[in-house]
Amino acid sequence: MHRARVVPAFGAATVLLLSGCSAGDRPSPAPAAPAPPPSAAVAAQPSAAAPPPIPDVPPAEPGRRTLLLAPLREAGATVGTVTAQPGDLAFTLVCTGGEVVVHLDPVSTATVLCPTEAVTPFHNVHRLDSRQDVGVSVEAAAGVRWALRIEQ
């Protein structure tokens, strides 16, 4: 009796397995797991894009002269001291990779946000009433790249 119950079940399973196959047919592969959406695949991979190149700081504006030029640098630095005469004192900065704080001591401090994926140009002008020695320094984290021109 026990044997009679097993045989019909085995026979039915065999018929079901063979019914979908004919001579020369191969069973179709099991469906693959669905692929993740493209946005999920991109988000999981770190960005391998190189940071954008930083162009030279634009030349001094017509009628002004360069007092100090800091070529491309990374991270913070003490740049130097300039002697500024009464009138406009300007600085031009190009940067990428994070926040840059430019100190023109004792004239001003400017914070510039420089995205990693782009180069940010920044220009600022200050009016001086008297001759001053101005200390120029830049605060920036490692990996932040910048170049600076001071002109009058």
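Atoms considered below: every heavy atom in the structure, side chains included; atoms not considered: hydrogens, waters and symmetry mates. These numbers were taken from a predicted model, which means no experiment stands behind them.
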For a quick test of reading the model, state the closest non-hydrogen atom pair linking [X] to [Y] and the distance between them.
X	Y	answer
His123	Ala90	CE1-CB, 3.9 Å
Thr66	Ala60	OG1-CB, 3.7 Å
Ala147	Pro71	CB-C, 4.0 Å
Glu151	Glu61	OE2-N, 3.2 Å
Pro53	Val119	O-CG2, 3.3 Å

- Task: Go through the structure and list residues passing salt bridge (Lys or Arg N to Asp or Glu O under 4.0 Å) with Asp88, not counting sequence neighbours.
- Result: Arg64, Arg127

[X]-[Y] co-clustered via ILVMFWY side chain contacts under 4.5 Å:
X	Y	result
Leu67	Val102	yes
Val134	Leu69	no
Leu148	Leu72	no
Val100	Val136	yes

- Item | Glu139 (side chain) donor-acceptor with Gly76 (main chain) under 3.5 angstrom | no

- Task: Indicate yes or no for a side-chain donor-acceptor contact from Thr96 to the backbone of Thr116 under 3.5 Å, with no hydrogens or angles considered.
- Result: yes

From [X] atom [atom1] to [Y] atom [atom2], the distance as rounded to the nearest 0.5 Å:
X	Y	atom1	atom2	result
Asp105	Asp133	CG	CG	11.0 Å
Leu113	Phe122	CG	CZ	10.0 Å
Gln85	Gln152	CD	CD	6.0 Å
Leu93	Arg149	CG	CZ	12.5 Å
Gln132	Leu89	CD	CG	8.5 Å
Trp146	Thr120	CH2	OG1	15.0 Å

- Message: In the structure I gave you, are the side-chain heavy atoms of Pro121 and Thr92 within less than 4.5 Å of one another anywhere?
- Response: no

- Note, Ile150 side chain near Leu104 side chain (heavy atom, < 4.5 Å): yes

- Query: Considering residues at least two apart in sequence or located in another chain, which fulfil the side chain to side chain contact (heavy atoms under 4.5 Å, CB included) criterion with Ala141?
  - Reply: Val144

